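Below: the structure, in structure tokens.
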Amino acid sequence: MRLSTLLLSLLALVLQEAGPASLPEKEQRRREEQSHYGESEPYSELYVGSYMVSPDDYSEVIDLSSYEELADYGDQLAEVKVTSLAPPTRISPTQSKVTPRTPLSNPTMTKPTLPGPLGSPASHAKLKRIDLTSNFISSIDNDALRLLPALQDLILPENQLVALPLLPSGIEFLDVRLNRLRSSGIQPEAFRALEKLQFLYLADNQLDSIPWPLPLNLRSLHLQNNMIETMQTDTFCDPVEHRHTRRQLEDIRLDGNPINLSLFPSAYFCLPRLPIGRFT
């Protein structure tokens, strides 16, 4: 036990006498540099591994010559090329004031008249249809339609007509609904010569009688919403010739009139169907 203690003491003495010479070369150089740092200016040199870097020599490590300017994230945005700007809009004093439109409380409408004859002579032979719906026509010259031999459809609803002009013989469809037509405004036997007339619409007017005589080819007769109070017994059928029939006239409307259809039982025997209207 004493011998081991003595050996350890001798070993410690030998190491103390050897001193720094026994340290490795790298460790000795490190200690010398640490002592040198205490004498020089702080942070004048940096120790990095096995080589020294001075703050004045960064250009030797990092070459900044290829960087012309700092990166700008704005360069990544899409480039917008503006060639020219639109000139400013100038508003004149008269344009700056806007006057709102106010509806007329009681508008006064002019009542145009359909002149005659219509169009040029070259177009008369070809015209087949006239539609003047929803106007303010109050009258038509009596001869306005006389030079239209090919006219088949005459459509005049929602106007202000009180009378009908002379009609071409080739008329097949006549619509004069929603006017102010009166029985006195229809010439006597105005429809007798219209052998091709099939549809006659005179509803919503001011008629006080059923037009007579009616053409034999008539298929539809609308007289609803007028002021008709009575009819003749031969309005539709011939009271003498009981074998006479009007098979084509299947649509007769007299509803909306003050007439009581049940008072004229002998007026319908030649019809395929009874008229529509009041029977009480």
Side-chain angles (χ1 to χ4, degrees), residues 129-131 133 137-140 142 145 151-280:
R129 178 184 175 92
I130 295 178
D131 189 346
T133 302
I137 301 173
S138 60
S139 64
I140 301 176
N142 199 39
L145 307 175
L151 186 63
Q152 298 177 356
D153 300 342
L154 181 58
I155 305 172
L156 300 169
E158 300 180 18
N159 282 284
Q160 299 177 3
L161 293 172
V162 296
L164 291 179
L166 291 174
L167 301 172
S169 60
I171 288 287
E172 299 179 5
F173 185 97
L174 179 60
D175 187 354
V176 200
R177 294 173 296 116
L178 297 166
N179 276 268
R180 300 176 181 178
L181 190 62
R182 301 175 181 177
S183 295
S184 60
I186 301 177
Q187 300 181 19
E189 301 187 0
F191 303 114
R192 179 190 288 272
L194 305 181
E195 298 179 356
K196 297 182 180 181
L197 183 62
Q198 300 183 37
F199 303 91
L200 180 58
Y201 297 150
L202 302 175
D204 298 281
N205 279 285
Q206 300 176 13
L207 301 176
D208 56 13
S209 63
I210 300 175
W212 182 88
L214 297 171
L216 296 177
N217 290 327
L218 193 64
R219 299 174 56 186
S220 179
L221 175 64
H222 286 188
L223 295 168
Q224 67 267 32
N225 302 323
N226 278 279
M227 300 184 298
I228 301 172
E229 297 181 356
T230 186
M231 72 167 65
Q232 300 178 8
T233 56
D234 59 348
T235 299
F236 304 116
C237 306
D238 187 351
V240 177
E241 183 59 56
H242 289 277
R243 291 180 297 178
H244 171 69
T245 59
R246 303 189 63 152
R247 298 185 181 275
Q248 297 185 21
L249 187 54
E250 297 182 351
D251 180 20
I252 301 176
R253 291 194 58 177
L254 288 166
D255 48 308
N257 286 278
I259 187 174
N260 185 354
L261 298 178
S262 62
L263 299 177
F264 310 93
S266 61
Y268 320 120
F269 68 88
C270 67
L271 299 175
R273 295 180 182 178
L274 291 174
I276 297 175
R278 184 169 65 93
F279 279 90
T280 57

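For clarity, every value in this text was computed on a predicted model and none was experimentally measured.
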[X] side, atom [atom1]; [Y] side, atom [atom2] - distance, nearest 0.5 Å:
X    : Y    : atom1 : atom2 : value
L254 : R278 : CG    : CZ    : 11.5 Å
R192 : L216 : CZ    : CG    : 9.0 Å
D234 : E241 : CG    : CD    : 14.0 Å
L202 : Q224 : CG    : CD    : 9.5 Å
L194 : L218 : CG    : CG    : 10.0 Å
S209 : I259 : OG    : CD1   : 10.0 Å

> Parallel, tilted or perpendicular for F199 and F173, by the 30°/60° rule?
Replying inline: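 Because their plane-to-plane angle lies in the 30° to 60° range, the rings of F199 and F173 count as tilted.
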
> Taking the six-membered ring for Trp, are Y268 and F236 parallel (under 30°), tilted (30 to 60°) or perpendicular (over 60°)?
Replying inline: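 Ring orientation of Y268 relative to F236: tilted.
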
Between [X] and [Y], what is the shortest heavy-atom contact and its length?
X    : Y    : answer
L166 : Q187 : CD2-OE1, 3.2 Å
L207 : N226 : N-OD1, 3.0 Å
N205 : V176 : ND2-O, 3.0 Å
R129 : L151 : N-CD1, 3.7 Å
C237 : A267 : SG-O, 3.6 Å
N142 : P165 : OD1-CA, 3.5 Å

> Are N225 and D204 close enough that a side-chain donor and a side-chain acceptor fall under 3.5 Å?
Replying inline: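 Yes, D204 and N225 have a side-chain donor paired with an acceptor closer than 3.5 Å.
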
Look only at the side chain of [X] and the backbone of [Y], and say whether a donor-acceptor pair between them is shorter than 3.5 Å.
X    : Y    : value
N260 : T280 : yes
D175 : L156 : no
N257 : L223 : yes
R247 : P272 : no

>> Surrounding CD of E195 (heavy atoms of other residues, nucleotides or ligands, distance under 6.0 Å), is the total greater than 12?
In response: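 For E195, atom CD is not crowded (no more than 12 foreign heavy atoms under 6.0 Å).
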
Can you tell if the side chain of [X] reaches within under 4.5 Å of the side chain of [Y], non-hydrogen atoms only?
X    : Y    : value
S220 : Q198 : no
D208 : E229 : no
Q232 : I210 : no
L161 : I137 : yes

>> Apply side-chain contact (heavy atoms from CB on, under 4.5 Å) to residues L145 and I130 and explain how you reach the verdict.
In response: CA-CA 10 Å; L145 307 175; I130 295 178; 4.1 Å; yes

> Quick one: which of L164, L221, I171 gives a side chain to side chain contact (heavy atoms under 4.5 Å, CB included) with F191?
Replying inline: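 That would be L164; it is the only one of L164, L221, I171 passing the side chain to side chain contact (heavy atoms under 4.5 Å, CB included) with F191.
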
